[in-house]
Amino acid sequence: MALFDAIRWTTRGLISGTCRPTVIGLENVPREGPFIVAPNHLSFLDSVIVQALMPRPVAFFAKAEYFTTGGVKGRVMKSFFEAVGSIPVERGEQAASVQALKTLLDILEAGNGIGIYPEGTRSRDGILYRGRTGVGWLALTTGAPVIPVGLIGTQNLQPAGSNAVKPQHFTMKVGEPLYFEKTGPDHSLPARRQVTDRIMDAIAELSGQQRSTSYNQSKSIE
């Protein structure tokens, strides 16, 4: 935890000092107990931003490649993502994705915070895509409050096709918690869809994005 706090505070200071972000609504994050952070997804850096700026630790999925890349760069990435509590997931592996959801469930049941992108992967055209129902499953299974987050302008931090990060102002809006009845894992797909759609409505209100009724077709987990 000491390493986590050190990395989080260092990253927060770096982001705040170079990007001067506007952050609204941190008081909406519960001070104790489990919670689910549900942001829109525009940039590779979104998870890092949310993990650094939230008042409590938030565990996100991360591509398994971030933990297995060789060389000095690979070791640095692995150390960072392990320190902030990221969960490695193989891209395109349905079984691995299911196991990752169960891992998130364990974190929530321990009274901690997790983050999940309802869109599944980042939007490269700025449109807010239809939410996948994993977030609804977690909300109904655990009864944990869902904290919608609208990220605005984070796509400008790392232009498409570039590995370089360009400090830019961005905004992170944290919405009021959404509460859903705890049903456990035995609930209907329509109920899960209804919860997911309500979460996406809240994200859209915060982010101001144009919406799509279709899913983002990329299967990668970012």
Side-chain angles (χ1 to χ4, degrees), residues 7-29 36-55 57-63 65-66 69 73-74 76-77 80-81 83-86 89 91 113-132 135 146-175 199-222:
I7 289 178
R8 191 157 65 101
W9 279 101
T10 299
T11 306
R12 179 183 298 175
L14 182 62
I15 292 172
S16 298
T18 60
C19 298
R20 305 289 182 181
T22 298
V23 182
I24 301 168
L26 291 181
E27 69 276 6
N28 290 320
V29 179
I36 302 166
V37 175
N40 59 326
H41 197 8
L42 298 170
S43 169
F44 160 78
L45 295 170
D46 289 341
S47 298
V48 175
I49 288 168
V50 172
Q51 286 173 313
L53 299 182
M54 281 286 175
V58 179
F60 271 95
F61 290 155
K63 293 187 291 188
E65 292 95 309
Y66 298 155
T69 300
K73 179 180 178 181
V76 171
M77 283 197 304
F80 174 82
F81 284 107
V84 297
S86 296
V89 181
R91 291 187 296 176
I114 63 99
I116 183 170
Y117 297 110
E119 292 173 277
T121 189
R122 59 181 161 170
S123 170
R124 286 173 167 77
D125 55 13
I127 292 173
L128 184 66
Y129 285 89
R130 191 181 193 202
R132 299 180 185 275
V135 65
V146 179
I147 312 300
V149 172
L151 296 168
I152 303 170
T154 59
Q155 72 275 13
N156 298 322
L157 295 171
Q158 188 176 22
S162 172
N163 292 324
V165 176
K166 183 178 180 181
Q168 298 278 331
H169 177 79
F170 65 87
T171 298
M172 184 174 87
K173 295 182 179 180
V174 182
I199 293 168
M200 296 307 297
D201 288 343
I203 294 172
E205 185 173 348
L206 293 165
S207 71
Q209 290 169 278
Q210 178 183 343
R211 299 183 67 176
S212 172
T213 57
S214 64
Y215 294 113
N216 193 331
Q217 292 304 307
S218 174
K219 300 299 183 181
S220 64
I221 297 174
E222 301 181 85

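This structure is a prediction, so every number in the text was calculated from the model and none was measured. The chain is numbered in sequence order, starting from 1. These values consider heavy atoms only, across backbone and side chains, with no hydrogens, waters or symmetry-generated copies.
- Residues satisfying the side chain to side chain donor-acceptor pair (under 3.5 Å) test with S86, not counting sequence neighbours, are none.
- Taking OG from S123 and CG from L151, the interatomic distance works out to 12.0 Å, rounded to the nearest 0.5 Å.
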*asked:* The test is side chain to side chain donor-acceptor pair (under 3.5 Å); show your working for Y117 and S47 and say whether it passes.
replied: CA-CA 9 Å; Y117 297 110; S47 298; 2.7 Å; yes

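- A pairwise comparison of heavy atoms in P39 and I116 identifies CD-O, 3.4 Å as the closest pair.
- Interatomic distance, R124 CZ to H41 NE2, rounded to the nearest 0.5 Å: 8.5 Å.
- Looking at every heavy atom in both residues, G153 comes nearest to L42 through N-CD1, 4.3 Å.
- Shown here are the side chain to side chain donor-acceptor pair (under 3.5 Å) partners of T171, two or more places apart in sequence or in another chain: there are none.
- Taking the side chain to side chain donor-acceptor pair (under 3.5 Å) definition, one finds that R8 meets it with nothing, sequence neighbours left out.
- T213 is linked by a side chain to side chain contact (heavy atoms under 4.5 Å, CB included) to nothing, counting only residues two or more places apart in sequence or in another chain.
- Not counting sequence neighbours, the partners of I7 by the side chain to side chain contact (heavy atoms under 4.5 Å, CB included) test are L3, T11, F80, A83, V84.
- Remark: side-chain polar atoms of E119 are paired, donor with acceptor, to backbone N or O of Y129 under 3.5 angstrom.
- Scanning all heavy atoms of the two residues, the minimum distance from L157 to C19 falls at CD2-SG, 3.9 Å.
- Under the rule for a side chain to side chain contact (heavy atoms under 4.5 Å, CB included), the partners of V23 that lie at least two apart in sequence or sit in another chain are P21, L26, L53, M172.
- F170 has its side chain out of reach of D46: every pair of non-hydrogen atoms, C-beta onward, lies at least 4.5 Å apart.
- Checked by atom type, the side-chain pair H169/T22 shows a donor-acceptor distance below 3.5 Å.
- The two residues V146 and A38 make their nearest non-hydrogen contact at CG1-CB, 3.9 Å.
- Considering CD1 of I127 and CD of Q210, their distance stands at 4.5 Å, rounded to 0.5 Å.
- In this structure, CE on M54 lies 10.5 Å from CZ on R12, to the nearest 0.5 angstrom.
- Distance check, rounded to the nearest 0.5 Å: CD of Q51 to CD1 of I15 gives 10.0 Å.
- Other residues, nucleotides and ligands place more than 12 heavy atoms under 6.0 Å from the CD atom of E27.
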Could you list the donor-acceptor pairs under 3.5 angstrom formed between side-chain atoms of residues 199-209 and any protein atom two or more places apart in sequence or on another chain?
unit_1, atom_1, unit_2, atom_2, d
D201, OD1, R211, NH1, 2.7
D201, OD1, R211, NH2, 3.3
S207, OG, I203, O, 3.2
S207, OG, Q209, N, 3.3
S207, OG, Q209, OE1, 2.8
Q209, OE1, N40, ND2, 2.9
Q209, NE2, G126, O, 3.0

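- The side-chain heavy atoms of T154 and L45, taken from C-beta on, include no pair separated by under 4.5 Å.
- Annotation: side chain to side chain donor-acceptor pair (under 3.5 Å) contacts of S43 (sequence neighbours excluded): none.
- Interatomic distance, R122 CZ to N216 CG, rounded to the nearest 0.5 Å: 10.5 Å.
- For L14, the side chain to side chain contact (heavy atoms under 4.5 Å, CB included) partners at least two apart in sequence or on another chain are T18.
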